[in-house]
Number of protein chains: 2
Amino acid sequence: MAGEATGKSVGKSGDLDFPRPLTTVDVVIFAIRDDSLQVLLVRRPAGEGEPFPESLALPGGFVDVAKDRDLAACAARKLREKTGVTSPYLEQLGSWGSATRDPRGWSATHAYFALIPEKAGELAADARWFLFSGGRLKEKLAFDHGEILATAIQRLRNKVEYTSLPAYLMPAEFTLPDLQRVYEIVLDRPLEKSAFRTRILSADMIEPVAKMRRGPNRPAQLYRLKKGREPVYFVRTFNPPE
Amino acid sequence: MAGEATGKSVGKSGDLDFPRPLTTVDVVIFAIRDDSLQVLLVRRPAGEGEPFPESLALPGGFVDVAKDRDLAACAARKLREKTGVTSPYLEQLGSWGSATRDPRGWSATHAYFALIPEKAGELAADARWFLFSGGRLKEKLAFDHGEILATAIQRLRNKVEYTSLPAYLMPAEFTLPDLQRVYEIVLDRPLEKSAFRTRILSADMIEPVAKMRRGPNRPAQLYRLKKGREPVYFVRTFNPPE
DNA sequence: ACAATAGTGTCTATGAGACAATATGGT
DNA sequence: ACCATATTGTCTCATAGACACTATTGT
């Protein structure tokens with residue numbers, strides 16, 4: 001994987017004296033707020049030499065070779081710094097690298113995506129939640145972050161069709177109608193109550209707690225995620241997405 | 001994603017004078033040969049200062065900021081250099097980065113995986129095919145390439161359950177029993193003939209050519225992939241993988 | 001005719017989709 | 001009693017799994 005002659009700029013064996021791309025990590029952080037899917041963005045600084053000054057961007061930054069053990073730790077650190085959340089659902093999304101995506105030079109970013117419950121920790125000063133109107137964000141993002149965000153949403157929607165991922169967007173205790181609502185928000189289409197309940201309950205992913213949610217109508221059973229934090233994969237998608 | 005203060009080693013805004021990780025790209029190349037799934041590996045050089053001298057490794061190497069437009073182009077170039085194949089199925093697998101995976105320092109690799117037909121182009125001198133015995137490779141690989149390879153196999157097996165990916169492992173013309181055999185090789189379990197045919201034929205991914213494969217028994221219809229090269233996603237997996 | 005593999009049909013089980021029916025709280 | 005929502009049940013449909021049956025070649 002390394003050490004072979006790949007071009008003029010790479011010298012003889014063992015020689016590491018050639019230009020290296022910039023290496024960054026970015027995190028797409030999703031949460032359900034106000035009955036809709038929202039993403040956490042930061043405002044870029046306005047300093048001299050800064051690319052995309054004052055633009056909106058995904059939270060992220062350079063890998064710190066002194067501080068970060070590995071990429072996942074770097075992503076977890078950035079998530080923690082921005083949201084205070086320490087143990088969320090964090091999955092690698094992919095990487096984007098090219099000569100032109102950053103005006104400062106060849107750069108590659110490792111993108112992660114995180115799902116956190118609404119009322120998690122304290123938000124950083126420069127971070128704000130943004131919602132999608134019609135499945136799209138209104139504002140333009142710095143770098144290729146718009147593309148990365150679009151990929152993240154696509155991946156999330158896709159996986160929600162056949163996995164229990166939305167469970168990671170829920171508070172500690174929730175009802176089945178709550179969970180179904182989150183599925184519907186992410187998929188942006190209604191689901192059948194009966195089929196939904198059958199699927200979730202037979203997946204052995206949640207367990208009832210000895211409490212009910214009371215309201216102006218029939219109370220609903222409260223559930224919590226089972227210990228095994230692994231997401232569940234269903235053998236069918238929800239709808240034949242025609 | 002960049003430019004914020006992330007630690008002592010990162011200076012003030014716009015300052016890019018801090019240590020950068022090494023950036024590489026590695027490619028996991030699969031093909032069906034001799035009725036089994038095989039992967040292309042290279043022998044690492046023995047020069048002084050080379051990590052893992054003479055070990056087996058995935059084909060790959062440093063990103064060449066002068067030569068490579070982007071990561072995908074870099075992966076395609078490495079695939080072409082090793083196999084002569086120019087338009088295969090090439091998908092990003094993920095990235096691995098840490099302080100310790102390469103003894104030369106903090107490094108991050110962008111891993112891709114490729115599916116190519118058996119009798120594709122000319123193999124590079126240092127490259128050889130290796131097969132899995134019992135789903136595992138016998139030899140140890142350099143760096144964390146064993147882990148990357150395991151992830152690739154897992155991803156391939158997983159996707160074969162509900163996609164048409166094995167079609168990219170086929171020659172230009174093939175029969176349905178041929179294709180079923182490739183599914184079975186990758187999944188390492190037999191599939192039902194009838195359900196298999198129904199699924200594939202209703203997926204509208206292949207079309208018959210006006211030829212039959214003849215043998216010492218009933219001839220089989222030959223098919224080819226339809227133009228639209230996108231993989232097909234089925235709404236169910238093959239077996240409830242209990 | 002026979003062997004061998006290609007291709008089709010039949011029957012059952014599972015789970016989704018549609019939608020009706022019932023249950024249980026607040027007011 | 002009535003409303004609103006939770007929860008369950010019924011019926012139909014599509015497709016996988018199992019497996020039997022038919023088709024078509026070479027020998």
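Order of the sequence lines fixes the chain letters, A, B, ..., with proteins taken first and strands second; residue numbering starts at 1 for each chain.
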(request) Find the distance A:Tyr223:OH to D:dA6:C1' and express it as a whole number of Å. (result) 10 Å
(message) Of the options D:dA18, D:dA14, D:dA6, whose atoms approach the side-chain atoms of B:Ser194 most closely?
(response) D:dA18
(request) To the nearest Å, give me how far apart CG (B:Leu179) and P (C:dG7) are. (result) 12 Å
(request) Mind listing the residues from residues 200-217 of chain B sitting with a heavy atom below 4.0 Å of DNA chain C? Number order is fine. (result) B:Asn217
(message) With heavy-atom distances below 4.5 Å as the criterion, would you say the side chains of B:Leu37 and B:Phe132 are in contact?
(response) yes
(message) Taking the nucleotide of DNA chain C with the nearest heavy atom to each, does B:Arg236 or B:Thr175 sit closer to the 5' end?
(response) B:Thr175
(message) So that I can tick it off, tell me whether B:Glu184 and B:Arg189 are bridged by a salt bridge, with the cut-off set at under 4.0 angstrom between side-chain N and carboxylate O.
(response) no
(message) My understanding is that only one of A:Lys227, A:Lys226, A:Arg199 makes a salt bridge (Lys or Arg N to Asp or Glu O under 4.0 Å) with A:Asp204; could you say which?
(response) A:Lys226
(message) Here's a test of your reading of the structure: between B:Ala195 and A:Pro219, which maps to the more 5' nucleotide of DNA chain D?
(response) A:Pro219
(message) Less than 4.0 angstrom from a charged side-chain N to a carboxylate O is my criterion; do B:Asp178 and B:Arg213 meet it?
(response) yes
(request) Quickly work out the A:Tyr183 OH to C:dA16 C1' distance and round it to whole Å. (result) 15 Å
(message) Testing the basics here: between A:Ala167 and A:Leu225, what is the closest heavy-atom pair and its distance to 0.1 Å?
(response) CB-CD2, 3.6 Å
(request) Find the distance A:Lys193:NZ to D:dG9:C1' and express it as a whole number of Å. (result) 12 Å
(request) Kindly say whether the aromatic ring centers of A:Phe174 and A:Tyr223 come within a distance under 6.0 Å. (result) no
(message) How many whole angstroms separate atom CG of A:Leu191 from atom C1' of C:dC19?
(response) 16 Å
(request) Could you tell me whether A:Lys82 and A:Asp126 make a salt bridge, using a distance below 4.0 angstrom between a side-chain N and a carboxylate O? (result) yes
(request) Give the angle between the helix axes at the two ends of the helix from C:dA1-D:dT27 to C:dT27-D:dA1, taking five base pairs at each end and rounding to 10°. (result) 10°
(message) Need one value for A:Arg197: base, sugar-phosphate or nothing, where a base atom within 4.0 Å counts as base even if backbone is also close, heavy atoms only.
(response) base
(message) Please report the distance, rounded to the nearest Å, between CD in B:Glu192 and P in C:dA13.
(response) 16 Å
(request) Nearest whole angstrom, please: distance from the P of C:dA6 to the CD of B:Gln180. (result) 9 Å
(request) Indicate yes or no: does A:Glu161 engage A:Arg157 in a salt bridge with an N to O separation below 4.0 Å. (result) no
(request) Under the salt bridge (charged side-chain N to carboxylate O under 4.0 Å, His left out) rule, what do B:Arg101 and A:Asp70 come out as? Steps first, then yes or no, please. (result) CA-CA 9 Å; B:Arg101 60 182 295 277; A:Asp70 54 38; over 6 Å; no
(message) Starting the side chain at C-beta, find the nucleotide from C:dA18, D:dC19, D:dA6 nearest to A:Pro177.
(response) D:dA6
(message) Just the rounded figure in Å: distance from C1' of D:dT7 to CZ of A:Arg218.
(response) 5 Å
(request) Could you tell me whether the phosphate oxygens of D:dT15, OP1 or OP2, come under 4.0 Å of any side-chain nitrogen or oxygen in B:Arg199? (result) no
